[in-house]
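I have placed the structure first, in the form of structure tokens, so that the comments after it can refer back to it.
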Amino acid sequence: MKVLVLVKQVPDTATQVKVGSDPRAIATTGITWIVSPYDEFAVEEALRIREKRGTGEVVAVSGGPERVKEALRSCLAMGADRAVHVLDPALEGADTLTTARVLAAVIQQEAPQLVLTGRQAIDDDTGAVGAQVAELLGWPCLSWIMEEAIAEDGATVRAGRQVEGALELFDLPLPCVLTAQKGLNEPRYPTLKGIMGAKKKEIKELGPGDLGVNVDGPQLELVRLEALPPRPPGRIIPGEPKEAVRELVRVLREEAKAI
Amino acid sequence: MAGAFWCVVEDDRRGRPKRVTAELIGEARRRAGELGAGVEALWLTDRAEEEGLGQLAGWGADRIWLVEGPALAPYRGEVWVPVLAELAQKEAPRAIWGAVTSRHRELMARLAARLGVGLAADCVGFALEDGQLVAARPVYAGKLLSRVRWRGQPWLATLRPNVFKPADEGPAREPRVERPAVSVPPGAATLVERREETQTGLPELTEADIVVSGGRGLKGPENFVILEELAKVIGAAVGASRAAVDAGWRPHRFQIGQTGRTISPKLYIGCGISGAIQHLAGMRTSKVIVAVNKDPEAPIFKVADYGIVGDLFEVVPLMTEEFKRVLHGE
Ligand SMILES: Cc1cc2nc3c(=O)[nH]c(=O)nc-3n(C[C@H](O)[C@H](O)[C@H](O)COP(=O)(O)OP(=O)(O)OC[C@H]3O[C@@H](n4cnc5c(N)ncnc54)[C@H](O)[C@@H]3O)c2cc1C
Ligand SMILES: Nc1ncnc2c1ncn2[C@@H]1O[C@H](COP(=O)(O)O)[C@@H](O)[C@H]1O
């Protein structure tokens with residue numbers, strides 16, 4: 001079974017992100033780039049599917065500039081068999097629909113039985129690309145999955161999605177798209193052997209001409225990025241615990257009107 | 001009506017719209033008012049109660065598009081999207097809005113792809129700039145705000161719960177209900193089981209007005225009972241930091257932060273939580289933030305409106321007692 005994983009490279013979660021000189025982009029100096037955390041759950045799940053079935057192929061796919069190869073390398077080090085890098089200027093600052101169109105074209109070329117994505121990329125925080133790819137391909141999809149098991153015959157998958165107050169388990173025909181939520185698994189760390197092995201694995205590069213998608217600019221246009229207005233300075237309530245608590249409850253009710 | 005603002009109804013699966021739907025309609029009324037447009041509700045469900053329809057009208061829906069059928073529950077994207085797309089193509093609304101809930105999040109993404117339009121996800125504000133609607137949405141885990149606008153129509157967006165002022169419950173109005181003839185496709189996915197989460201008796205994390213949340217400072221799963229007691233007294237939900245979740249003290253669904261839930265309650269009370277940047281990502285839009293931590297240097301105090309430096313095992317039970325006294329006269 002061929003499983004394709006969509007991974008996005010994003011700034012490390014501890015990065016202090018700042019607006020760049022062009023207010024429609026962030027300042028990229030000093031940023032450490034990582035594989036978006038939810039995408040690591042997706043990669044891990046794909047590897048487990050291959051291991052459980054004893055056969056199959058895991059292909060990691062990422063769209064973005066040259067540095068994205070690093071992210072693909074770490075997927076290969078985790079154990080993916082090969083990678084595809086879409087190096088298309090149309091993806092710079094693209095909206096999710098543009099990204100989804102490009103990635104859907106890669107999926108069509110690769111024709112996997114299953115596509116795994118993260119529940120959302122932690123830079124734009126949209127959480128749309130997985131579902132949009134499914135829609136463009138006419139496939140079913142299930143979002144925020146917490147568990148997954150492919151039927152022995154490889155025709156269907158049973159997957160559980162997290163909804164408010166419950167887990168809903170569905171049977172879906174393959175091919176389909178599943179988006180990974182935290183709790184699906186615990187991603188492995190690459191071993192030294194894995195890291196060494198990754199250097200020999202293939203990263204196929206695709207350019208704008210290779211996919212035949214007509215990208216005519218984003219449907220959602222970024223006007224500008226802004227820093228958040230700072231929160232007004234807070235107040236430490238002093239005193240013995242008993243007095244402090246009494247004062248806290250009073251200000252919460254009388255000043256903040258929070259309760 | 002062409003040019004209307006459509007609000008997709010989020011319901012309780014028992015025939016009644018949820019409060020977030022009132023927030024959607026409230027904000028749509030304000031924006032539609034500026035543009036002289038109408039506001040309509042769009043309800044896909046296996047069951048709509050009469051009272052639910054009345055509520056939508058009371059909140060200000062000029063018209064309710066109701067598509068009722070057993071295939072619509074539980075939500076499946078491949079069933080809902082063609083129905084919505086067909087209606088949207090026929091009626092040409094100016095905007096289609098949903099809530100940031102598990103199903104709407106996916107639904108609106110798929111619908112945007114089907115209609116070939118942009119989606120502004122997780123919006124926290126709207127403004128008209130040069131006659132065009134511009135949406136504000138947090139990005140980079142709430143470290144920045146992104147302002148976006150659409151190239152074409154309809155303007156698809158999802159709105160973060162608890163942020164927008166709900167429409168006031170108006171005088172009961174006779175709802176104007178349309179039951180359009182649309183075909184509901186059968187769908188490819190079949191539900192095999194719904195595992196309800198064990199009921200805590202406390203409100204749902206993302207919907208709660210007040211959230212009490214605990215971190216590594218709680219020292220063990222058994223101590224969460226201290227937070228639950230406070231939560232019961234003030235009607236709060238209980239959340240957790242990732243450290244507490246990863247230690248196995250609370251299930252994943254209670255995690256607040258960049259890789260957990262995003263919440264914006266009226267009041268957030270963090271106990272024994274340091275306030276790592278990834279945790280702040282999930283709660284910094286809370287209206288009032290309270291921190292209880294024994295370390296005066298803990299970063300959570302930088303975003304807290306009120307803080308108590310002290311031992312949570314002493315402070316939290318005192319809070320419970322004090323709230324009992326002032327709220328319930330005990
Ligand atoms: C990719 C990534 C994603 C992440 N996502 C999330 C996320 O979604 N949510 C999240 O929360 N974290 C997330 N984290 C983890 C985050 O960086 C922190 O490690 C985590 O939030 C720390 O949890 P904590 O505050 O409970 O623990 P600690 O940082 O250990 O803080 C415990 C605090 O409790 C205080 N304390 C101890 N005992 C007492 C006492 N008796 N009374 C009062 N105070 C006491 C201490 O002073 C300390 O400040 C993520 C990290 C990464 C790398
Ligand atoms: N440029 C990209 N390349 C590869 N995968 C992507 C890209 N952008 C988004 N994805 C995938 O889609 C998921 C959701 O992204 P988003 O809709 O941007 O939040 C991510 O977790 C990735 O799995």
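By convention in this document, chain letters (A, B, ...) are assigned in the order of the sequence lines, proteins followed by strands, and residues within each chain are numbered from 1.
With sequence neighbours excluded, no residue forms a side-chain hydrogen bond (donor to acceptor under 3.5 Å, both in side chains) with A/E243.
Using a 4.5 Å cut-off between heavy atoms, B/E78 contacts chain A through its side chain alone, with no backbone atom that close. Looking at B/E106, both its backbone and its side chain come within 4.5 Å of chain A, counting heavy atoms on both sides. Neither the backbone nor the side chain of B/T158 comes within contact range of chain A; no heavy atom of the residue lies under 4.5 Å from a heavy atom of that chain. Heavy atoms closer than 4.5 Å to chain A are found in both the backbone and the side chain of B/R253. Using a 4.5 Å cut-off between heavy atoms, B/V79 makes no contact with chain A at all. Using a 4.5 Å cut-off between heavy atoms, B/E314 contacts chain A through its side chain alone, with no backbone atom that close.
The aromatic rings of B/F126 and B/W150 lie parallel to each other, their planes meeting at an angle below 30°, with 60° marking the opposite boundary.
The closest side-chain donor-acceptor pair between A/R119 and A/Y38 falls under 3.5 angstrom.
Using a cut-off of 4.0 Å between Lys/Arg side-chain N and Asp/Glu carboxylate O, B/R19 and B/D209 are scored as salt-bridged.
Annotation for A/R158: atom CZ does not count as buried by contact number, only 12 or fewer foreign heavy atoms lying within 6.0 Å.
Looking only at heavy-atom pairs under 4.5 Å with chain B, the residue among A/G165, A/P140, A/G183, A/A131 that has the most is A/G165. Top candidate by heavy-atom pairs under 4.5 Å with chain B, chosen from A/I259, A/L136, A/D95, is A/I259. Of all the listed residues (A/T156, A/L142, A/T179, A/D124), the one sharing the greatest number of non-hydrogen pairs under 4.5 Å with chain B is A/D124.
The contact list for residues 255-262 of chain B toward chain A, using heavy atoms and a distance under 4.5 Å, reads B/Q255, B/Q258, B/T259, B/G260, B/R261 by residue number.
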